[in-house]
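Small disclaimer: the values here were computed from a predicted structure and weren't measured. Reckoned from all heavy atoms, side chains included, excluding hydrogens, waters and symmetry mates.
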Amino acid sequence: GMNLVALEGPVVNRRDGIVARSRQAGAWDVLAGDAVGLNPFDVGGTADALATALDLGGPEREERSRAVRERAKAMELHDWLDTQVGMTAAGGAGA
């Protein structure tokens, strides 16, 4: 699902791309602080979040990209699976 893509993308990204992610998505808990948060139902706010991500300068872009990549790599498969199964069992969004 999209939560897995949000974590895989930073791992394979070699151009310091910035993740822009819904604050309501499951992967947000892992990426918060370094990804750019948005509300996908707020068109203007989403445009602003994407502009923020695109406008980030070199050192900040590099640092945020590295931090997200390290967090994504640190998450073990069983941790991710437990999170997804827990969300599904609790009636959450799941993957």
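Asp55 places none of its side-chain heavy atoms less than 4.5 Å from the side chain of Glu60.
Under a 3.5 Å cut-off, the side chain of Ser22 and the backbone N or O of Gly37 do not form any donor-acceptor pair. At least one donor-acceptor pair closer than 3.5 Å links the side chain of Arg61 to the backbone N or O of Ala53.
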Arg66/Glu63 under salt bridge (charged side-chain N to carboxylate O under 4.0 Å, His left out): CA gap, chis, key distance, verdict: CA-CA 5 Å; Arg66 181 197 55 75; Glu63 174 59 27; 2.2 Å; yes
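Arg23 and Asn39 get closest at one heavy-atom pair: NH1-N, 4.1 Å. Across all their heavy atoms, Asp16 and Ser65 have their closest contact at CA-OG, 3.3 Å. Annotation for Ala35 and Val68: closest pair N-CG2, 4.0 Å, computed over non-hydrogen atoms. Shown here for Leu50 and Ala20, the closest heavy-atom pair between the two residues is CD2-CB, 3.8 Å.
The CG atom of Leu38 sits 8.5 Å away from atom CD of Gln24, with the distance rounded to the nearest 0.5 Å.
Hydrophobic cluster membership of Ile18, counting Ile, Leu, Val, Met, Phe, Trp and Tyr whose side-chain heavy atoms lie under 4.5 Å apart directly or via other members: Val36, Leu56.
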